[in-house]
Amino acid sequence: MDLEWTDQMRALRDVARNFAETELRPVVMRYDESSEFPFPVIGKLAALGFLGMTCPEDLGGAGLSDLEAAVIVEELARVDPSVALTVASHNSLCTGHLLLFGNEEQKRAYIPDLASGRKLGAWGLTEPGSGSDSGAMQSSAEPAGNDWILNGSKTFITQGSVGSTYVILARTDRSSGKKGISAFILEKGMPGFVVGKKENKLGMRSSDTATLLFENVRIPGKNLLGNAGEGFKQALKVLDGGRIGIAALSVGIAQGALDASVAYAKERRQFGKSIADFQGIQWKLADMATEIEAARLLTHRAAALKAKGEPFGVAASYAKYLASEVAVRATGEAVQIHGGYGFIKDFPVEKFYRDVKLMTIGEGTSEVQKMIIARHLVGG
Ligand SMILES: Cc1cc2nc3c(=O)[nH]c(=O)nc-3n(C[C@H](O)[C@H](O)[C@H](O)COP(=O)(O)OP(=O)(O)OC[C@H]3O[C@@H](n4cnc5c(N)ncnc54)[C@H](O)[C@@H]3O)c2cc1C
């Protein structure tokens, strides 16, 4: 498989890196502290085409490959993981679901607004009582003539309060288990659709996370994605793609933590030397760099397989599992290398250390990734 960097990948990396340094770095801590959603920043990202990265150009997207999108997400995460999460989830979950399973009419109705950033997208699978076991969801949609009536709730939904277009999974047949789940397009403002509590989080604080409540929401029949009963299967496919984004985000966080650690280690002096001269510090840096390179390669491999139209689900789980665990280790070591200063908000590693934990939880925990990988090995 060809994982060589193309000129276009390098050019996109430079655009994203320059944006992150000039537009994100100066404001990252302000948004983190206030937990405010960074609308001005997201508007500028939209102007670069980063809110419709893999959407076709005739639907207003940038027409990039999955590999190019991964490069962009990594660069944004190197400076601000919350913004990278907004970009990754908007592109791969709501928009990704519509691109994969929407009919022509649905794509033309919703993708241009999402790809241009005029509207933000959110995707609702998780419920208060069903996370890893998402097939046990309780939200339900009952048929009513040509329409559906939705009741229930969703929890921890990224872009939950700032979104305008939502893909929501709900049970449409109580007797058919996971085969009784369907996917619907919802729009903010539909009567009975209410945004609930906005979460106050450990990390990723400027990414928007909210509860969604549905009370007798009437959904037009034309908003069903695919056929009734196909929603859970669709969701698993959407998550396969989303995991490449989370892997890229993890690589970016780990790389940001390594960059900050190398710079700090060269500058900080103890025992009459820079701490970068101590082998104990050098070995930490070497381990971080090696693991990050391996995680990046797995991420690019999964993205390249997806772009070629080959099966990529297990490859995405390998990448997400390794990259997220590597990033947790790397940010821990980064704080250690910074000593007490790593515990202080003036240094970027403090924020990386908080943000990174979501990577081993969201879009399937590390345990769920191991279940997927093991199922591939032993069946079942
Ligand atoms: C900031 C944030 C943003 C999110 N964004 C979205 C979003 O946009 N849309 C959405 O639908 N969801 C979203 N989620 C939800 C996220 O995907 C879930 O939190 C995640 O899937 C885990 O579910 P849970 O929290 O219910 O944990 P649980 O499933 O309750 O898991 C608890 C623990 O048990 C472990 N566990 C569970 N089952 C097994 C098993 N069979 N074997 C071994 N261990 C197991 C888990 O790995 C975990 O360690 C978000 C969550 C957060 C925190």
Side-chain angles (χ1 to χ4, degrees), residues 32 35 37 77 80-98 114 120-139 152-171 178 181 183-184 186 195-214 225 231-232 234-243 245-247 249-250 253 316-317 320-321 324-325 328 351 354-375 378 380:
D32 181 70
S35 272
F37 188 76
D80 190 342
S82 296
V83 164
L85 177 63
T86 303
V87 169
S89 61
H90 168 88
N91 275 278
S92 66
L93 297 179
C94 176
T95 309
H97 201 135
L98 289 164
L114 291 165
L120 289 172
W123 190 78
L125 176 70
T126 307
E127 298 188 357
S130 56
S132 302
D133 185 14
S134 51
M137 69 180 63
Q138 291 299 315
S139 293
S153 67
K154 295 287 168 184
T155 195
F156 301 151
I157 305 307
T158 305
Q159 279 89 254
S161 84
V162 299
S164 300
T165 304
Y166 299 74
V167 171
I168 300 295
L169 284 295
R171 188 164 293 291
K178 289 172 183 166
I181 291 171
F184 298 96
L186 266 71
V195 175
K197 180 177 166 233
K198 187 182 162 193
E199 303 295 349
N200 184 10
K201 307 192 294 292
L202 165 74
M204 300 289 194
R205 289 177 60 78
S206 74
S207 160
D208 178 69
T209 315
T211 297
L212 307 177
L213 305 163
F214 315 110
L225 281 156
F232 192 71
Q234 294 177 3
L236 295 186
K237 286 233 152 31
V238 171
L239 282 171
D240 284 345
R243 284 172 188 146
I246 299 296
L249 222 161
S250 304
I253 296 175
S317 284
K320 199 260 181 191
Y321 172 43
S324 62
E325 295 289 341
V328 167
K351 182 179 186 315
R354 288 184 287 111
D355 288 344
V356 76
K357 196 54 205 158
L358 181 66
M359 301 295 95
T360 65
I361 296 172
E363 302 198 26
T365 62
S366 287
E367 290 76 17
V368 166
Q369 302 317 311
K370 286 195 267 192
M371 281 162 59
I372 295 168
I373 294 164
R375 202 174 298 140
V378 299

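Remember, it's 1-based here, ligands and their atoms both numbered in the order they're listed.
When Ser132, Gly364, Ser134 are checked for heavy-atom proximity to atom 28 (P) of ligand 1, Ser132 turns out nearest. The residue from Trp123, Phe156, Tyr166 that puts a heavy atom closest to atom 13 (C) of ligand 1 is Phe156. With distances taken over non-hydrogen atoms, the option nearest atom 12 (N) of ligand 1 out of Leu85, Ile246, Thr126 is Thr126.
Of the possible donor and acceptor atoms, none in the side chain of Arg205 sits under 3.5 Å from a partner among the backbone N and O of Asn200. Remark: side-chain polar atoms of Gln159 are paired, donor with acceptor, to backbone N or O of Gly121 under 3.5 angstrom.
Of the protein's non-hydrogen atoms, the one nearest atom 24 (P) of ligand 1 is Gly131 CA, 3.9 Å. In terms of protein heavy atoms, atom 21 (O) of ligand 1 is closest to Ile361 O, 3.9 Å. At the top of the distance list for atom 42 (N) of ligand 1, counting protein heavy atoms only, stands Met371 SD, 4.0 Å.
Within the 4.0 angstrom cut-off, atom 6 (C) of ligand 1 has one or more protein heavy-atom neighbours. Under the 4.0 Å distance rule, the nearest protein heavy atom to atom 3 (C) of ligand 1 falls inside the cut-off. Distances from atom 30 (O) of ligand 1 to the protein include no heavy-atom value under 4.0 Å. Distances from atom 39 (C) of ligand 1 to the protein include no heavy-atom value under 4.0 Å.
Looking at Glu127 and Thr155, their side chains never bring a donor and an acceptor atom within 3.5 Å of each other. Looking only at atom types and distance, the side chain of Asp208 has a donor-acceptor partner in the side chain of Ser161 under 3.5 Å away. No donor-acceptor contact under 3.5 angstrom links the side chains of Thr126 and Lys154, judged on distance only.
Side-chain contact between Thr158 and Thr86: absent, with no pair of heavy atoms (C-beta onward) separated by less than 4.5 Å. Proximity of Ile372 to Arg243: side-chain heavy atoms (C-beta onward) are separated by under 4.5 Å at one or more points.
Considering only residues two or more places apart in sequence or on other chains, Lys197 meets the side-chain contact (heavy atoms from CB on, under 4.5 Å) condition with Glu199, Thr211. Applying the salt bridge (charged side-chain N to carboxylate O under 4.0 Å, His left out) test to Glu325 and every residue at least two apart in sequence or in another chain returns nothing.
With ligand atoms numbered from 1 in the order given, ligand 1 contributes 22 (C), 46 (C), 47 (O) to contacts under 4.0 Å with heavy atoms of Thr365. Proximity to Leu358 (heavy-atom distance under 4.0 Å) selects the following atoms of ligand 1: 1 (C), 2 (C), 52 (C), 53 (C). Near Glu363, meaning under 4.0 Å from any of its heavy atoms, are these atoms of ligand 1: 17 (O).
For ligand 1, the polar-atom distance check against Thr158 finds a nitrogen or oxygen pair separated by under 3.5 Å. Checking only distances, Glu367 does come within under 3.5 Å of ligand 1, N or O to N or O. Residue-to-ligand polar distances place Leu125 within reach of ligand 1: an N/O pair is separated by less than 3.5 Å.
Of all non-hydrogen atoms in Gly160 and Leu212, the two that sit nearest each other are O-CD2, 3.6 Å.
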